Structures are given as C-alpha cells and as structure tokens.
Amino acid sequence: MKLQLNEAVRDRILELLQERNMTQYELFKRTGVSRATISGVVHCLYPSVKLRIIHEMCQGFGIGIAEFFASPLFDEDNLEP
C-alpha cells in the first residue's frame with residue numbers, strides 16, 4: 001500500500017522515536033517544536049509538513065535531513081503521486 005508523503009514522514013518519526021527509545025515529549029524538549037505540532041504530524045493532521053519542522057526534529061534525533069529521508073519509506077515506489 002502506497003503512503004501519502006505526510007504518512008511517510010509520520011512513520012519515519014515514529015521509527016526514529018522507537019529506535020532511540022524516546023517519547024514525543026522528549027523530542028519536544030530536545031527541539032522546541034511544540035508538542036501540538038509533533039502530535040499533529042504524528043496523527044497526520046497536516047497535509048504537508050514544513051521542511052523547517054522536519055529539520056528541527058532531525059536535530060533532536062541527532063541526524064541530518066539526508067539521513068531522515070534515506071529511509072525506504074520515501075522511495076518513489078512507496079509514495080502516492
């Protein structure tokens with residue numbers, strides 16, 4: 001099943017949270033991205049996510065943007081057009 005881009009972003013964030021044994025609250029504390037925004041992204045309340053928000057979350061995870069998007073979740077074959 002193909003994903004919408006916002007669903008792929010959500011899945012990648014959840015994957016990184018699990019890998020690092022972090023909660024959404026811990027991500028908020030590390031990044032300053034509001035808890036409401038993090039929750040909104042995780043619950044796909046936004047049709048798109050600003051790159052600035054993804055970048056700030058990446059900083060909280062200790063990774064770069066390239067590593068975030070290097071996931072197979074973002075392969076063109078896995079995404080809706």
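Quantities reported herein were computed from a predicted structural model and do not represent experimental measurements. The residues of the chain are indexed from 1 along the displayed sequence.
- Here N21 pairs with nothing under the side-chain contact (heavy atoms from CB on, under 4.5 Å) rule; sequence neighbours left out.
- Looking only at side-chain heavy atoms (C-beta outward), R20 and L27 stay at 4.5 Å or farther from each other.
- Scanning both residues, V33 and F28, for their nearest heavy atoms gives O-CD1, 3.1 Å.
- Side-chain contact between L17 and Q24 is present, with heavy atoms from C-beta onward closer than 4.5 Å.
- Residue L5 is grouped with residue L3 when hydrophobic side chains (ILVMFWY) are merged at heavy-atom distances under 4.5 angstrom, including chains of intermediate members.
- Looking at heavy atoms from C-beta onward, I54 lies out of side-chain contact with M57 at the 4.5 angstrom threshold.
- Q18 CD: 12 or fewer foreign heavy atoms inside a 6.0 Å radius.
- From T23, atom OG1 reaches atom NZ of K29 across 11.0 Å, with rounding to the nearest 0.5 Å.
- Heavy atoms only, all atoms of each residue included: I13 and F61 are closest at O-CZ, 3.9 Å.
- Within the 4.5 Å cutoff, no side-chain heavy atoms of I38 are placed close to those of Y25.
- Heavy-atom contacts from other residues, nucleotides or ligands closer than 6.0 Å to CD of E76 number 12 or fewer.
- Expressed to the nearest 0.5 Å, how far OH of Y46 lies from OG1 of T37 amounts to 4.5 Å.
- Note on R12 versus E15: salt bridge recorded, some NZ/NE/NH1/NH2 to OD/OE distance being below 4.0 Å.
- Contact annotation: the side chain of L51 approaches that of I65 to within less than 4.5 Å [non-hydrogen atoms, C-beta and beyond].
- Closest approach of G60 and M22 over heavy atoms only: O-CE, 4.4 Å.
- Of all non-hydrogen atoms in F74 and L79, the two that sit nearest each other are O-CD1, 3.7 Å.
- Taking 4.0 Å as the cut-off between side-chain N and carboxylate O, E26 and R30 do not count as a salt-bridged pair.
- Within 6.0 Å of NZ in K50 there are 12 or fewer heavy atoms belonging to other residues, nucleotides or ligands.
- A 4.5 Å side-chain heavy-atom check between L14 and V42 finds at least one atom pair inside the cut-off.
- A pairwise comparison of heavy atoms in G64 and C58 identifies O-SG, 4.0 Å as the closest pair.
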